[in-house]
Amino acid sequence: MATLGGITPTRNLALELARVTEAAALSAGRYMGRGAKEQADQAAVNAMRLVLGTLDMNGIIVIGEGEKDNAPMLFNGEVVGNGTGMAVDVAVDPIDGTRPLAFGRSSSLATVAVAPRGTMFNPGPFVYMNKIAVGPEARGRISIEKSISENLEIIASAKHTQVEDLTTIILDRDRHKDMIAEIRKAGARIRVIPDGDVAAALMTAWPDSGVDVLFGIGGTPEGVLAACALRAMGGEIQGKLYARDEKELRRGLEAGYNFEKVLTMDDLVSSEDVFFAATGITDGELLKGVRYFGNGARTDSLVVRGLTGTVRQIIATHRIDKLHQLSSIKY
């Protein structure tokens, strides 16, 4: 094999992960607008589990979606892959944005990330975190311990612009009332989204997305997934675990969790050798949703590799009849 500088190029597992998210998106996309959250989630999980089982890796699910929603899931501790490859941690969110998919709204994705064994943050049962995410220009300058106003000033300076020109993105939740008020007072623009903060975090590092910073409290699994992608995309995410009530806070403290600790990129995923893939299920600003036509479908995916910093967008056309001959998944 030809080498560059004596180093043989290593395998890009992210390209294989695209098959995983494509399968989940193709299966779940049939449920768009049908109001069937659990059926859609089950379809995505079944497809993702089956294709993960074909990959040359010895994987353990560290971040499994579903626990906080009491939904079907790839569970924490589940072994995935065919056991012949590298030992890895796996983070999955078969559908980031189950509600948007179920009710025919935008920005639902199928996502998965892989990193060397022992390098992904495991939040246990504490599934929410306060986050800030930015693109490459502001990487290394932000701090979740600073106020929103201070961070906006820092980001504006890093991007050689004014706070009034920045666009923030935040989930539409009652818990964000004070944050939104502070952003308004600072003078920045606000894009409020109903769901989907993996895509929102990635948009801060996606050229021409028009998004400069993500603020707010969202899922910890989504934070780990976003950290894997942002490592390669040159962005940054920081977070702090968030307890929803005093009972959860007390339980976390008793279990040894520190809710004041800043979770940096290195805390969320401590290796550069990360792989991430996402496929659109419904249309969003980051990726287009699944398009079905005749006996086929088209998918739009984002594939990221940490070691090289390579970000690929893959548009694939699938023959449903041929897939059904090879797979037990119902596409």
Side-chain angles (χ1 to χ4, degrees), residues 96-97 99-100 105-107 126-227 229-230 233-246 248-249 258-265 267-268 284-286:
D96 177 38
R99 282 186 300 177
R105 298 170 187 154
S106 63
S107 300
F126 303 103
V127 294
Y128 286 93
M129 64 187 291
N130 190 16
K131 310 172 194 176
I132 178 173
V134 292
E137 300 94 334
R139 179 173 182 166
R141 303 193 189 192
I142 57 163
S143 171
I144 198 166
E145 295 195 295
K146 294 183 183 295
S147 69
I148 285 175
S149 299
E150 288 175 300
N151 277 305
L152 287 171
E153 291 287 350
I154 290 166
I155 295 163
S157 175
K159 302 190 86 163
H160 307 291
T161 189
Q162 305 298 314
V163 170
E164 291 79 6
D165 296 327
L166 298 178
T167 298
T168 66
I169 194 164
I170 191 167
L171 287 170
D172 185 10
R173 300 290 186 271
D174 288 342
R175 60 181 178 259
H176 291 153
K177 185 184 302 183
D178 291 342
M179 290 186 186
I180 290 172
E182 186 175 353
I183 295 169
R184 286 173 175 163
K185 185 176 181 181
R189 294 163 15 117
I190 307 172
R191 186 179 299 179
V192 180
I193 56 173
D195 291 280
D197 60 345
V198 173
L202 271 54
M203 285 169 65
T204 66
W206 188 246
D208 302 322
S209 74
V211 173
D212 299 293
V213 54
L214 164 78
F215 289 115
I217 297 159
T220 310
E222 290 84 349
V224 175
L225 283 156
L230 287 172
M233 298 174 79
E236 180 179 8
I237 185 169
Q238 294 179 13
K240 283 185 176 182
L241 289 178
Y242 174 79
R244 289 169 286 184
D245 52 41
E246 287 297 323
E248 188 168 84
L249 177 61
N258 183 354
F259 288 82
E260 294 303 315
K261 175 181 170 57
V262 175
L263 299 171
T264 65
M265 293 276 282
D267 292 312
L268 295 170
E285 293 177 76
L286 184 68

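For E246, there are no salt bridge (Lys or Arg N to Asp or Glu O under 4.0 Å) partners, not counting sequence neighbours. E285 is linked by a side chain to side chain contact (heavy atoms under 4.5 Å, CB included) to R191, M203, counting only residues two or more places apart in sequence or in another chain. In this structure, R189 has no salt bridge (Lys or Arg N to Asp or Glu O under 4.0 Å) partners at least two apart in sequence or on a different chain. Judged as a salt bridge (Lys or Arg N to Asp or Glu O under 4.0 Å), and not counting sequence neighbours, D165 has no contacts. By the salt bridge (Lys or Arg N to Asp or Glu O under 4.0 Å) test, D96 is found to be paired with no residue, residues two or more places apart in sequence or in another chain being considered. In this view, D174 satisfies the side chain to side chain contact (heavy atoms under 4.5 Å, CB included) rule with no residue, not counting sequence neighbours. A search for ring-ring contact (aromatic ring centres under 6.0 Å, His included) contacts involving Y242 returns nothing, not counting sequence neighbours. Judged as a side chain to side chain donor-acceptor pair (under 3.5 Å), and not counting sequence neighbours, the contacts of E182 are S149. With sequence neighbours left out, the side chain to side chain contact (heavy atoms under 4.5 Å, CB included) criterion links A199 to L109, L286. Residues passing the side chain to side chain contact (heavy atoms under 4.5 Å, CB included) test with A205, sequence neighbours excluded: P136, L230, M233.
Using a 4.5 Å heavy-atom cutoff, the side chains of L214 and T168 are not in contact. Looking at I170 and I193, their side chains never come closer than 4.5 Å, going by heavy atoms from C-beta outward. A heavy-atom distance below 4.5 Å is not found between the side chains of K131 and Q238. Residues L152 and L166 have side chains in contact (heavy-atom distance under 4.5 Å, counting atoms from C-beta outward). Annotation: side chain of F126 is not in contact with side chain of T220 (no heavy-atom distance under 4.5 Å). With contacts defined as side-chain heavy-atom distances shorter than 4.5 Å, the pair N151/V213 does not qualify. The shortest distance between side-chain heavy atoms of M179 and N130 falls below 4.5 Å.
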K261 vs D267, test: side-chain contact (heavy atoms from CB on, under 4.5 Å). Steps then yes/no. CA-CA 10 Å; K261 175 181 170 57; D267 292 312; 3.8 Å; yes
Chi angles and distances behind the side-chain contact (heavy atoms from CB on, under 4.5 Å) call for L268, M129: CA-CA 12 Å; L268 295 170; M129 64 187 291; 4.2 Å; yes
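Atom CG of D245 has more than 12 neighbouring heavy atoms from other residues, nucleotides or ligands inside a 6.0 Å radius. Around the CD atom of E164, the shell of radius 6.0 Å holds more than 12 heavy atoms that belong to other residues, nucleotides or ligands.
Checking I169, I183, I190 one by one against F215, the side chain to side chain contact (heavy atoms under 4.5 Å, CB included) holds for a single residue, I183.
Atom CD1 in I148 sits 9.0 Å away from atom CG in D178 (nearest 0.5 Å). To the nearest 0.5 Å, the span separating CZ on R173 from OH on Y128 amounts to 7.5 Å. The structure places CG of L263 at 5.5 Å from CG of L241, a figure rounded to the nearest 0.5 Å. Separation of atoms CG (D197) and CG (L225) is listed at 10.0 Å; rounding is to 0.5 Å. To the nearest 0.5 Å, atom CD1 of residue I237 and atom CD1 of residue I142 are 8.5 Å apart.
Across all their heavy atoms, S107 and G284 have their closest contact at OG-CA, 3.6 Å. The two residues G210 and T167 come nearest to each other via the heavy atoms O-CB, 3.1 Å. Residue A226 comes nearest to L202 through the heavy atom pair CA-CD1, 4.0 Å, listed as atom of the first residue, atom of the second, then distance. Here the closest non-hydrogen pair linking P100 and S106 is CB-O, 3.3 Å.
For residues 203-212, the side-chain hydrogen bond (donor to acceptor under 3.5 Å, both in side chains) pairs, not counting sequence neighbours, are K159-D212. Among pairs with a residue in residues 139-148, those fulfilling side-chain hydrogen bond (donor to acceptor under 3.5 Å, both in side chains) read S147-E150, at least two apart in sequence or across chains.
Without hydrogens or angle criteria, H176 side chain to I217 main chain gives a donor-acceptor distance under 3.5 Å.
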